[in-house]
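Okay, so here's the structure we're looking at.
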Amino acid sequence: MKQKVEEKIVKREEKWSKYWEENRDLYKAGGKKGKKKYVLVEFPYPSGSGLHVGHAFSFTGADVYARFMRMKGFDVLFPMGWDGFGLPTENYAIKMKRKPQEVTKENTDMFRKQMKRLAYSFDWDREVNTTDPSYYKWTQWIFLKLFEKGLAYKKEMPINWCPSCKIGLANEEVVDGKCERCGHEVSQRNLSQWVVKITDYADRLIEGLKKTDFIEKVKSAQINWIGKSSGAKLKFKLKDKIGEIEELEVFTTRPDTLYGATFMVVAPEHKLVKALFSNASKIASERSDDERIDKIREYVKQASKKSDLERAELAKEKTGVDSGLMAINPVNGQEIPIWISDFVLSSYGTGAIMAVPAHDERDFAFAKKFGLKIVPVIKGAEDHDFEESAYTEVDRGEMINSGDWNGLLPQEAIKKAIDFLKDKGIGDRADNYHLRDWIFSRQHYWGEPIPMVKCPKCGWVGVKEEDLPIELPEVEAYEPTETGESPLAKMIDWLKTTCPKCGGPASRETDTMPNWAGSDWYFLRYTDPENDSQFASMTELKKWCPVDVYIGGDEHNTLHLLYSRFIYQFLYDLGVVPQDYPEPYIKRISHGVILGPDNQRMSKSRGNVIIPESVTKQYGVDVLRCYLMFMGPFDGVMAWNEKTLMGVKRFLDKFERKVLLAVEAIDKGERLIEDEIFLVKLNQTIKGVADDLEKFKYNTAVAKLMELVNVMGINNEKLGISKESLRAMIRLLAPLAPYLAEDLWAKVGEGSVHASSWPEVEKRYLVEDEIVVPVAVNGKRRAEIRIQKGLAKEEVLKRAKEVDKIGRWLEGKEIKREIYVEGRMVNLVVG
RNA sequence: GCCGAGGUGGCGGAAUUGGUAUACGCGUAGCUCUCAAAAAGCUAUGGACUUUAUGUUCGUGAGGGUUCGACUCCCUCCCUCGGCACCA
């Protein structure tokens, strides 16, 4: 049964929306007295379907915080903008034969309008749009700097190709071997790509986290993603040189187990395999072994056909082929065979491993399958049954079968092993990371053009800074091409240019940047959005950076946050951002997820989507906002529940009714005595709500306001509440329900409630004169006593023992101990 | 497998440094108003027990421990959710 929201509420929302629009200074950042507070919420991708309830949830949470901080006297920067580049807009434009620029404009207009209705207190004078040439000029500028510093390079490499989106994907955008966006299986394709060396910052990205106040799960997600492991790199000599190759380098985290290395494995893509093929005839004649070479060829061919997904799926069953080559284990001089297998990844470490089958499950499985030698080197493994599994309790036992390392604990043996490698000049300690360099090219139209020029003489040259921005030209067709070229490649006029270095004929890069590029640094642009000569002036950056609180979704905890931190650290190294704090964000808060009423993720196909606009049409904006904040913890996963929403509506109605009654009584000049219980509760609420809002505990903040209203006397009774108290309680509501608060404020206060300050606590009401203290016997509560606050311990204990109910428990027993926790409780221990 | 976060009524969830477990809301039951319903309001509401009370007892995933006292701290285990994962 859809009911229309009451006329009254519609009028109220219209009235105050207009008022706020006319009084924009309310939410303007800068020029205020207090300390700065930069509150940032992830800006949205302006899709064609408008704000969804997830947006409403996170923006409301951010808005409540920003409003609260303003009332606490901070000079708050709370901006909003648009992450406008992206495939959906491009696809829509292709389908409707329209310009993406126009579509984006329409969508952002719609988003802005909806946000204003939801009373978000953004400083609209600082709006940014990543698709605006005056914005992406600086996105391109950052790329030029990366290139200048050698952190961007072009490389022909196999990339993840989504045949459906016709676009190259970063490793990060491939989930379970499928395109993150469309779910299509990803294939490999060789393309020349711009790559950004984020790996150079891997350690810094881990270290920097220590300085931040991110929640634990975000820190660990980032650390896991970077995936640092420490160990050693070492070279094994080949028994016989193959082509130019004399040795095989591996990475291991456990150089201490070197004596247990009984074979080696290289990835099918390893250069050793290629060397094997190019020297095949020689090997064949020397060893009359071309059958083996054929077998290897066949294996490598099969492996190359498998996608990463297939390789992982077939993980249980190891496959491989003997290369016929032998290496020499440097610790004991033993000759060990080199195998080829796709369980070794070419993209990690050196693409080759030393296998210690006794203590590694994968090496073990491989050894079992191909009948390779297993030598245990860690104490405890002697009694282990090596028929079934590897012995993996490798952190505590002493070394065995390991020459003069015998008896050492693993940590000591690792040190010794590294010393040994260094002495011999065949290795050293080394770190490895799961993090890969960042593939930065996309073969699409609707993105920032990469500002590079290819000159036949000079190679890749960055465009001149004064020529930025390199604007997207208007094209006839936006369709991506089968060849993997961007649609821009068809724009001959745009393509042709001159080399910035030598002035000769040259052509532009036609790939565009990934979505992440524009969102890496948008928070910096908010500080100085109109600046034409810099991405932001140092003065403004110093004024607002770093971001105090960054509110966003878990889905951005690894990629966006990592890229963004990386770019900030890079800008920090350039010296173009303030040097007193090396991280962009002090605190990261993740907002939760709202599920449909059926407890399932909202989706159009399930038909369980809740649209904020239809909720506000039915109940009003304040109800939606308060409900969203009351549903559960801000970072929780919660299902939409209309019944609970009705409860919130009842609360707001009650709040309004009671305040109006009290106002009426004041206006009539009725002399009513203010209720002491109410005053105590009011002051507790002022403190409690402030504490909660500070910590993003919105659900309990709303609960406390409900409690306050609940003690405001029985309905319809004359309420003796002073104007001052009413002003306080309306201000408490203001961050959560801005319309109702403004409406009620108009009756008791001056100006806008949103320009008022947070009410002061009157401490004398914070502690009641008379308090109730529970009395326990042997830790179980048996009674309670009312006492005057501050009563002496002896007196409290005496009173406690006098209580009838307690006497019963003490009868015939000896009191062994008497405990009184000031104002908290009494405990009598009897035997 | 590794890392992280959790497990509290019929449900969503509260609980400062260890100090009245279940705030607040939903649901449910009874009542008021009403011709009636809706809306609104009031009251009750963790389980079990019987002596129905100013009652007893059990209760925060399971089992131990520390403590006068444990949802909270320690140990062992189980389960759920999230991240990473043939990463050597």
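Each chain gets a letter, A, B and so on, in the order the sequences are listed, and its residues count up from 1.
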Checking base pairs now: Watson-Crick or wobble, both atom distances under 3.5 Å. What partners B:G4?
B:C81
If you only use heavy atoms from C-beta on, which nucleotide in B:C24, B:C26, B:A14 is closest to the side chain of A:N699?
B:A14
When you get a sec, tell me which of B:C26, B:A88, B:C24 is the closest nucleotide to the side chain of A:E707?
B:C24
Closest to the A:K697 side chain: B:G27, B:A15, B:A23?
B:A15
Winner on side-chain proximity to A:P774, out of B:G25, B:U20, B:A14, is B:U20
Let me know which of A:F634, A:F57, A:F630, A:Y627 forms a ring pair (Phe, Tyr, Trp, His ring centres under 6.0 Å) with A:Y698.
A:F634
Does OP1 or OP2 of B:A40 have a side-chain N or O of A:R650 closer than 4.0 Å?
yes
Paired with B:G9 by Watson-Crick or G-U wobble geometry, both distances under 3.5 Å: which nucleotide is it?
none
Got a sec, which residues hit side chain to side chain contact (heavy atoms under 4.5 Å, CB included) with A:S58, two or more places apart in sequence or on another chain?
A:V41, A:H591
Integer angstrom distance from the C1' of B:C73 to that of B:U56
31 Å
A:F343 ring centre to A:K318 NZ or CZ under 6.0 Å, with the angle to the axis within 45°?
yes
B:G9: syn or anti, with syn meaning chi within 90° of zero?
syn
What about A:N827: does its side chain form a donor-acceptor pair under 3.5 Å with the base of B:C68?
yes
Regarding the side chain of A:R824, the nearest nucleotide among B:G19, B:G25, B:A88 is B:G19
A:F214 six-ring centre to A:R588 NZ/CZ under 6.0 Å and within 45° of normal
no
Does A:R817 have a side-chain nitrogen or oxygen under 4.0 Å from the phosphate oxygens OP1 or OP2 of B:C68?
yes
Can you figure out which of B:U57, B:A88, B:U16 approaches the side chain of A:R782 most closely?
B:U57
Check whether any side-chain N or O of A:R781 sits under 4.0 Å from OP1 or OP2 of B:G69, and answer yes or no.
no
A:I819, nearest nucleotide to its side chain (from B:A5, B:A14, B:C68)
B:C68
Between the side chains of A:K217 and A:D554, is the shortest nitrogen-to-carboxylate-oxygen separation below 4.0 Å, so that they form an ion pair?
yes
Is A:S229 close enough to B:A88 that one of its side-chain N or O atoms is under 4.0 Å from OP1 or OP2 there?
yes
From the set B:G4, B:G41, B:C84, return the single nucleotide nearest to any side-chain atom of A:S220.
B:G4
Taking the minimum atom-to-atom distance to the side chain of A:M825, which one of B:U20, B:G27, B:A23 wins?
B:U20
